[in-house]
Structures are given as C-alpha cells and as structure tokens.
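Structure record follows, encoded as structure tokens.
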Amino acid sequence: VVVVTAPEIEGVKVPSKEEVLTLLRQVEDIEVEPYDDTFDDMPLISEEPESSRIIHERNLERVDAVEWTLENGARIVVKKTDFKKDEVMFSAWSPGGTSLYDTEDAFSAELAATIMTMSGISEFDKVTLDKLHADKVYNLSAFVSELREGFTGNSSVNDLEVMLQMVYLYFTQPRFDENSFQSYMTRLAGMLQNRAASPDAALRDTLTAVLGNYHERQRPVSMEMLQEASFDRIKEIAQERFSNAADYIFFFVGNINADSLKPLVEKYIGGIPYFDENEEWRNLEINPPPGVVRKTVKKGMEERSIQYIVFHGDFEYSSRNAIELDAVGRILSTRLLEQIREERGGVYSIGANPSSAKYPDEEYTVSVFYGTDPGKLDELKQAVFDEIRDFIKNGPSGEELAKAKEKMLREREIALRENRFWMNILSNTYYLKDGDFSEFGEFEKYVTGLTKESVQQAFARYFDFNNYVSVALQPAE
C-alpha cells in the first residue's frame, strides 16, 4: 500500500499513480550497501583536552550556590539540589546573538545553531552519533537568539560527562553537513507552503510585523527569505558564536557532587579555547509604533475571529515592578474570564499576558487575546476596555487582589522545589543583574506589599489607550 499526502495548494504537483510506481521500481533496482558500523568502537574525543584549573571561587550565599572561574576565563555557577535523584540541568550563554550580523546574514545566523546540531559532531554524522549515544540519558541543544548564543540541556548523573564532552566538541570540532542543510531547507519550504494557507499564521505574522513597526529584522519567514540562507555563512557564524570560553557563563543545577564535577569542568570547559575579547549584543532599534495602530487580517472561510490587543511602553526594570506587572496580568485575566467568557458567553478563550524586558530596551507589553464570533469583535473589544478602565478608576476588589497574591505565593512555594526554577533564577540574575543576588528572597515581601492603590496605579501606568496595537482575524470576504 502506498499513501501519498500533499498540501492542496496551487503550484504543488502531486505525483500520478504511474510516477509513483515507476519510482518504486527504480528503488527496487538500487543496490543498497550494508550499514557500516565503522565508528562503533571509536571514542567521542580522540585527543584529551588541555584542561585549565579553577583559579577563583565565590560563594553565592543567598541562593546556596557557588561560582568558579577557570584559567580560560569561563565562569561556572553550580547549585546542588535533592529535588530529583537523577537529574542535572545545564545551560550556558554568551552575549552577542544574531544582533551582531547585518540583515543579509540575519537568516543564516538564525539557522546556525540548528544546522550545527543537525549535522552531528566531529567525525560523527547525526545518525552515527545517535547510535553511539543510544544508551545515554542526556539532551543538549544549541541556540542563537537575538541577543545571546548558548546551550540548554539536561542529563542523568552518570551521563553528565558525555554532555560536557558534547559541549567541548561544539566549541572545538563542530560538524557542518551540507546534505543536512539542504534537507532542512526542503522541509522548511514545505512547511511554508502549508503555512501560507493558515489564517492563524497570517495573524501572527501581521502582529509581529506591526509590533516591530515593520523593521526589516521582524520579517516573517517566507520562501523568498530561504534564498538568503548561505551554508558557508551558517558555518562561519556558528564557529564565531561558539568559539570563546571567556565570553561564556555555564550553569549546573541538580544532584551534583561538586568534588566530582570540578575535574570534569576543568577538563572539558577548561579545555575550550579562549581569547581576550568579550562581545556585547547590538541594539537593532526594533520598537513598537507610537500611537494607536489597528489592523484586520481577512483570511480563511471559518466563521471565527481572533483578537490581539497589545499595550506597550517604557518600563523601569526591577524585581518589584516585574512582580507588580505580573499581578496586573493575573487580576485582569481573572476578571475577563469571569465577566466576558462566563457572564457574557461571548468568547472561546480570553486572557491577558504581561511581559517585561531589560534588554535591549527597558519595556513592557500586556497582550489581551480572545477568540470569538466575527460579529462580536467590536462589542467585546469595548467590553475589555470597559473592564480595564474600571480597574484604572476603582482598582481591584479586595477579593481579586487577595486571590492573585495567594496564587503567586503558592506557585512560588512549589517552584522553590524545582530544578528548572533555580536554573532560571541563576541564569536570569547573571543576565539581568550581573550576578547580584541581593534582592533574592524579597519575593514574598514584594507580593504581600501589593495594595489596592498600588495595583490601581499600575493599571493606569500600563494601559494607555493612546498607545496600543490591535490586530484582528476575520473570515475572508
């Protein structure tokens, strides 16, 4: 039985029955060589790294962690936990990212980490590497984002060394396979063809473009953009992003024996080359448009609509302000659920999602989103605005504020027993505060200090009806 699936899109040629049968006959006549297991007994690393010692140690008492500095300049932050018996979480990052490249290289920079990890490592292609590590328990992914590059991963306690060997090899012997690149680009082209028919994708692309004020670096991925990807530049960029140990901070959280970890860190991270040139990300000046911007996307035949309303503006970044903004989002989401979805029954789903950033600019957004019938878009938008204006005028009720604070404290209590929470605390504090943990432990104080008046003032500060973006999806006419 042969099953052929293909998108129903103009320009996509579906093979005929005769063409499929011809292809099957051709395949039957091909002589297939037996799979060669030549690499089965080869070690992952053929030559031992030249290790470097830990030359400085700093205790991070407020978070019960330690920072080591190696001779090659790399910094290592370690926190031992007993939450999971067989888990070690890992991350690493360095400032820079795709921001350091001009527009003509931007898409290649975005693909650099993906193609590098798809290609295998050193002498091993991806298939061979997967076979070599079939009995190993670890996961490791490289990334290049707008402002940073690095790794995220996790492993069992026993396979931590294997994960560190992989990190070392990505810096010293990365592999770039052009066949993997071409295969990925072909799959991406097929995904884009399917995506072109998606109303939801068109809505997201429009929202991204408008929020970036149509900046050239906020273009949605398109068939035309695929032509900008260069295998040679991808290789060069990946090697540039993963080259200098002195520019990186490495984080470990989990069931870690420090005495066992030290020699591994000195060997594999200490063996990474380094040079005295620390990079910084570049501000691409991607900013939302000022004033009120309204856009409607008309696509699809289904009788449904989706609305995004994004309030945005400058933000004075601090832990206290971030917690206050989070509370605003929670209180607004609860009110919208109760008053608009449950009381009016006019939406499929609704919520408010706040976010804040320190880099490249200190700014915030609060995104209100909901799905509804096309005929109710204007009515529900006015209802949302009425609820926000009520908060600005009267603040939250005592019950609304109490529920939000209770939930925030309960979630925090649970998170304190999770490795992922501690990884985020460590990494984000180095990123946002240069490793200053003096405010850690103040969460409960900041939450309990929220008052009706302070939250009311926050609503007035974060919801400016003269400064927002509104993008809605409606059925095609």
Side-chain angles (χ1 to χ4, degrees), residues 58-68 75-93 136-143 145 148 150-164 167 248-258 260-261 264-265 317-327 329-330 333-334 351 353-358 403-448 450:
R58 178 169 77 104
N59 287 322
L60 308 173
E61 295 178 357
R62 292 188 73 98
V63 289
D64 192 23
V66 63
E67 176 192 289
W68 300 327
R75 286 188 288 171
I76 319 295
V77 181
V78 181
K79 179 173 176 61
K80 176 178 173 58
T81 70
D82 58 3
F83 311 142
K84 290 188 177 181
K85 183 179 179 180
D86 199 25
E87 179 181 79
V88 177
M89 299 197 71
F90 168 75
S91 73
W93 56 261
K136 306 301 180 184
V137 181
Y138 81 94
N139 176 59
L140 183 66
S141 300
F143 70 87
S145 63
R148 293 186 286 180
F151 299 92
T152 59
N154 59 77
S155 76
S156 65
V157 173
N158 288 337
D159 292 324
L160 175 57
E161 182 172 7
V162 176
M163 183 168 66
L164 287 175
V167 171
Y248 272 80
I249 307 176
F250 300 82
F251 302 89
F252 297 86
V253 174
N255 188 12
I256 299 165
N257 183 309
S260 300
L261 180 62
L264 296 178
V265 162
Y317 195 92
S318 69
S319 297
R320 185 191 296 271
N321 287 344
I323 288 169
E324 182 181 68
L325 181 62
D326 180 31
R330 291 169 181 267
S333 287
T334 301
N353 180 34
S355 68
S356 59
K358 186 174 182 179
K403 284 183 176 179
K405 292 162 70 170
E406 180 185 0
K407 188 174 183 181
M408 292 170 76
L409 293 173
R410 185 170 63 249
E411 289 178 359
R412 180 74 163 201
E413 184 180 0
I414 294 171
L416 285 167
R417 298 289 301 170
E418 296 176 349
N419 287 332
R420 187 170 301 279
F421 166 82
W422 286 104
M423 177 60 76
N424 290 336
I425 286 292
L426 295 176
S427 180
N428 288 339
T429 303
Y430 272 84
Y431 179 54
L432 300 172
K433 301 181 180 180
D434 198 24
D436 179 5
F437 290 92
S438 59
E439 271 195 298
F440 184 79
E442 301 295 313
F443 182 84
E444 183 175 350
K445 171 186 169 183
Y446 292 155
V447 172
T448 56
L450 293 170

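A quick note: this is a predicted structure, and the numbers were derived from the prediction, not measured.
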- [ ] Establish, yes or no, whether the cationic atom of Arg412 lies under 6.0 Å from the six-membered ring centre of Phe443 and within 45° of the ring axis.
- [x] yes
Open item on the list: In terms of relative ring orientation, are Phe251 and Tyr430 parallel, tilted or perpendicular, with 30° and 60° separating the classes?
Closed with: perpendicular
TODO: Please round to the nearest 0.5 Å and tell me the distance separating atom CZ of Arg148 and atom CD1 of Ile249.
DONE: 9.5 Å
Task: Phe440-Trp422 aromatic ring centre distance below 6.0 Å - done: yes
Task: Atom NZ of Lys403 with >12 non-hydrogen neighbours under 6.0 angstrom - done: no
Open item on the list: Is it true that, when you exclude Asp434 itself, more than 12 heavy atoms of the residues, nucleotides or ligands shown sit nearer than 6.0 Å to its CG?
Closed with: no
Open item on the list: Taking the side chain as everything from C-beta on, heavy atoms only, tell me whether Leu160 gets closer than 4.5 Å to Met163.
Closed with: yes
Task: Glu444 atom CD: more than 12 heavy-atom contacts under 6.0 Å - done: no
TODO: Using side-chain hydrogen bond (donor to acceptor under 3.5 Å, both in side chains) as the criterion, point out the one residue from Lys85, Lys80, Glu87 that pairs with Asn255.
DONE: Lys80
Task: Residues Ser438 and Asp436: side-chain donor-acceptor under 3.5 angstrom - done: yes
Task: Minimum side-chain heavy-atom gap Phe437-Leu426 below 4.5 Å - done: yes
Open item on the list: Taking atom NZ as the centre, does Lys84 end up with more than 12 heavy-atom neighbours from other residues, nucleotides or ligands that are less than 6.0 angstrom away?
Closed with: no
Task: Residue pair Thr81, Lys79: steps toward the side chain to side chain contact (heavy atoms under 4.5 Å, CB included) verdict - done: CA-CA 7 Å; Thr81 70; Lys79 179 173 176 61; 4.1 Å; yes
TODO: May I ask you to test the Thr448-Met408 pair for a side-chain heavy-atom distance under 4.5 Å?
DONE: no
- [ ] Rounded to the nearest 0.5 Å, what's the gap from CG on Leu450 to NZ on Lys405? Could you check?
- [x] 6.0 Å
